[in-house]
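Reviewing the structure listed below.
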Amino acid sequence: MATPTLPFVPASSCQVLFSVEQIRERVIAIGKQISEDYKGESIVLVGVLKGAAIFLADLARAIEVDNTFDFVAVSSYGKGKTSSGAVKLIKDLDVPIEGKHVIVVEDILDTGLTLSYLRKLMLQHKPASLKIATCLDKPERRLVPIEADYVCFKIPNRFVIGYGMDYAEKYRNVADIRLFPEDKV
Ligand code: XMP
Ligand code: MG
């Protein structure tokens, strides 16, 4: 049997949830907040590939205090109804974070499984401090108790694309954040 192909949904047909301007405003506000919270310090931003890459690129430039960045990548299995909660690291840090002020940067905090796994992992490296910044937060979906320290937007339980976020690896380059039609997910 032929492999079924995904129906192509043009991004232009998806409803805009947050415009480029709204995203920019929030990222700048979070960048300012971080700059105040870490005045006189250096920070390491740890982005979670691939979804957080674009948010991290904007956030790093909105932060006025000295900062460097690194990336990790994880894969998760059996999320949703059959959740095993298993998250696996597929790309580790390149640079040691011991004694450093670390902010993990995510695209979406959803069930919380990914970030609670990463938080535990990062703490094993003994950073001076550890915080979490996420572009979006879906609090309704939480399976484990974890909150982000910096959140651009809280959203209801809807699937979104754009600004780094994908559906089957597509739409990451869409500049704004859009709702993906429920019946296509
Ligand atoms: P947790 O472990 O918190 O995982 O459930 C968060 C990760 O799930 C992905 N995710 C989404 N990706 N649109 C996306 O493109 C969404 O609406 C969405 N909700 C969750 C995302 O990779 C995030 O890092
Ligand atoms: Mg992600």
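Each ligand, and each atom within it, is numbered from 1 in the order the structure gives. Each residue takes its place number in the sequence, starting with 1. Note that the structure is predicted; figures quoted are calculated from it, not measured.
For the pair Val160 and ligand 1, the shortest N or O to N or O distance falls below 3.5 Å. For ligand 1, one of its N or O atoms has an N or O atom of Gly112 under 3.5 Å away.
In this structure, Phe18 and Phe153 have parallel ring planes: the angle between them is below the 30° cut-off, well short of the 60° mark. Classified by interplanar angle (parallel below 30°, tilted 30° to 60°, perpendicular above 60°), the ring pair Phe8/Tyr171 is parallel.
Not counting sequence neighbours, the partners of Lys126 by the side-chain contact (heavy atoms from CB on, under 4.5 Å) test are Glu98.
Scanning Leu109, Thr111, Ile146, Leu118 for the heavy atom closest to atom 5 (O) of ligand 1 points to Thr111. Closest heavy-atom approach to atom 14 (C) of ligand 1 among the candidates Tyr117, Phe180, Phe159, Tyr163: Phe159. Relative to atom 20 (C) of ligand 1, the option among Val48, Ile155, Asp110 with the closest non-hydrogen atom is Asp110. Nearest to atom 2 (O) of ligand 1 by heavy atom, out of Val87, Asp166, Thr114, Leu136, is Thr114.
For Arg141, no heavy-atom contact with ligand 1 is shorter than 4.0 Å. Only the side chain of Asp107 comes within 4.0 Å of ligand 1, counting heavy atoms alone; its backbone N, CA, C and O stay farther away.
Side chain of Asp149 to main chain of Ile132: a donor-acceptor pair is present (N/O by atom type, distance under 3.5 Å, no hydrogens or angles). A side-chain donor-acceptor contact under 3.5 Å links Ser35 to the backbone of Glu64.
With respect to the salt-bridge test (charged N to carboxylate O, under 4.0 angstrom), the residues Arg142 and Asp137 qualify. Salt bridge status for Asp37 with Lys39: absent, with no side-chain N to carboxylate O gap under 4.0 Å.
Checking Ile43, Leu59, Ile103 one by one against Asn67, the side chain to side chain contact (heavy atoms under 4.5 Å, CB included) holds for a single residue, Ile43.
Near Arg158, the atoms of ligand 1 lying under 4.0 angstrom from a non-hydrogen atom of the residue are 17 (O). Residue Glu106 has at least one heavy-atom neighbour below 4.0 Å for each of these atoms of ligand 1: 23 (C), 24 (O). Taking a cut-off of under 4.0 Å to the non-hydrogen atoms of Met165, the atoms of ligand 1 that pass are 15 (O). The contact set between ligand 1 and Leu113, taken as ligand atoms under 4.0 Å from a residue heavy atom, comprises 2 (O), 3 (O).
A side-chain donor from one of Tyr163 and Asp58 sits under 3.5 Å from a side-chain acceptor of the other.
For the ligand labelled ligand 1, residue Ile108 lies inside the 4.0 Å heavy-atom shell. Contact between Lys138 and ligand 1 is present, with at least one heavy atom of the residue lying under 4.0 Å from the ligand.
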